[in-house]
Amino acid sequence: SQTASAYEDVGLLTSDADIGADVGELFNYLAGSGDPPQLRRLVVSPLSTRSQLMRSIEDEALAGPNGRIVLKTNGLTDPEIIDALYRASQAGSSVDLIVRGRCCLRPGVPGLSDNIRVRSLVGRYLEHSRIFRFGGTEGRPLQVWFGSPDLMERNLDRRVEVVVPVDDPEIQRRLVGILDGAIRD
């Protein structure tokens, strides 16, 4: 069919049945047809993005020098996220932030943010990709997500934003490659 060939041209978006079911439940909820969904895979603001990000940052802080965090976003102004990143840095975790616009975190402050580096990509167009990477060092499992939220209170607490976990190793590799390219000087 014509629809099938259109999907073949762009590739299958996902074959994960749980993500598909979550998307359906989320749309039903947004349309006013039901209670807040019990999501299996999607991370959705204002329901769970903040808590999931905080949990992942804290896990990397617990790993100390083996912890690794790379976040690519347009803005970083949320005090709770910033404080968690400071704690991860103080624990010895390596933190790289790629923030296009406003960033309220202060990198390189002795005793506070020694292990945090911030870079900005500014170009002709507003950068829209948000990619979050946790772990993947010293035998630690790699978590990669992509989605829509900036790390700002309005995006975490007052807007509907979605983050999708990426489990496919090839797609994880490609997203980590994007992050690595943005980190290189």
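The basis for the numbers below is simple: all heavy atoms, side chains too, and nothing from hydrogens, waters or symmetry mates.
- Applying the side chain to side chain donor-acceptor pair (under 3.5 Å) definition to pairs two or more places apart or across chains, those involving residues 75-92 are Arg50-Asp78, Arg50-Glu80.
- Residue Leu105 is grouped with residue Ile81 when hydrophobic side chains (ILVMFWY) are merged at heavy-atom distances under 4.5 angstrom, including chains of intermediate members.
- When hydrophobic clusters are built by joining Ile, Leu, Val, Met, Phe, Trp and Tyr residues whose side-chain heavy atoms come closer than 4.5 Å, directly or via intermediates, Leu151 is grouped together with Met54.
- Judged as a ring-ring contact (aromatic ring centres under 6.0 Å, His included), and not counting sequence neighbours, the contacts of Phe134 are Trp145.
- In this structure, Ser120 OG and Asn74 CG are separated by 9.5 Å, a value rounded to the nearest 0.5 Å.
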If you apply the rule side-chain contact (heavy atoms from CB on, under 4.5 Å), what do you find for Asp22 with Val162, and how did you get there? CA-CA 11 Å; Asp22 283 354; Val162 178; over 6 Å; no

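- Val99 and Leu179 end up in different hydrophobic clusters when Ile, Leu, Val, Met, Phe, Trp and Tyr side chains are linked at under 4.5 Å.
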Quiz: residues 64-71 side-chain donor-acceptor pairs under 3.5 angstrom, not counting sequence neighbours:
residue	atom	partner	partner atom	Å
Arg68	NH1	Ser94	OG	3.1
Arg68	NH1	Asp96	OD2	2.7
Arg68	NH2	Asp96	OD2	3.0

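- Remark: the backbone N or O of Val160 is not paired with any side-chain donor or acceptor of Ser45 at under 3.5 angstrom.
- Using a 4.5 Å cut-off between side-chain heavy atoms of Ile, Leu, Val, Met, Phe, Trp and Tyr, with links allowed through other members, Leu121 and Leu97 fall into different hydrophobic clusters.
- Interatomic distance, Asp180 CG to Ile98 CD1, rounded to the nearest 0.5 Å: 8.5 Å.
- In the hydrophobic clustering of ILVMFWY residues, with side-chain heavy atoms under 4.5 Å counting as a link, Ile183 and Val144 come out together.
- Note that CG of Leu156 and CD of Gln52 are 12.5 Å apart. Values are rounded to the nearest 0.5 Å.
- Salt-bridge formation is not detected for the pair Arg55/Glu58: no Lys NZ or Arg NE/NH1/NH2 atom is positioned less than 4.0 Å from an Asp or Glu carboxylate oxygen.
- Residue pairs meeting the salt bridge (charged side-chain N to carboxylate O under 4.0 Å, His left out) criterion with at least one member in residues 136-147, sequence neighbours excluded, are Glu60-Arg140.
- Taking NZ of Lys72 as the start and CZ of Arg130 as the end, the distance is 8.5 Å to the nearest 0.5 Å.
- With rounding to the nearest 0.5 angstrom, the CG atom of Leu112 is 10.5 Å from the CG atom of Leu85.
- Asp168 and Glu170 get closest at one heavy-atom pair: OD1-N, 2.9 Å.
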side-chain contact (heavy atoms from CB on, under 4.5 Å), that's the test. Do Arg133 and Val176 meet it? Break it down for me. CA-CA 7 Å; Arg133 174 216 171 145; Val176 167; 3.7 Å; yes

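- Counting heavy atoms from C-beta outward, Arg117 and Pro107 have side chains that stay 4.5 Å or more apart.
- To the nearest 0.5 Å, atoms CD1 (Ile131) and CD1 (Ile178) are separated by 4.5 Å.
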Exercise answer: donor-acceptor pairs, residues 37-44 side-chain atoms, under 3.5 Å, sequence neighbours excluded:
residue	atom	partner	partner atom	Å
Arg40	NH1	Glu25	OE2	3.3
Arg40	NH1	Gln38	O	3.4
Arg40	NH2	Glu25	OE2	3.0
Arg41	NE	Asp16	OD2	3.3
Arg41	NH1	Asp167	OD2	3.1
Arg41	NH2	Asp167	OD2	2.4

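- Between Ala61 and Ala91, the shortest heavy-atom contact is O-CB, 3.2 Å.
- In this view, Ser93 satisfies the side chain to side chain donor-acceptor pair (under 3.5 Å) rule with no residue, not counting sequence neighbours.
- In this structure, the side chain of Ser56 does not engage the main chain of Leu53 through any donor-acceptor pair within 3.5 Å.
- Taking the side chain as every heavy atom from C-beta outward, Ser129 and Phe146 never approach each other to under 4.5 Å.
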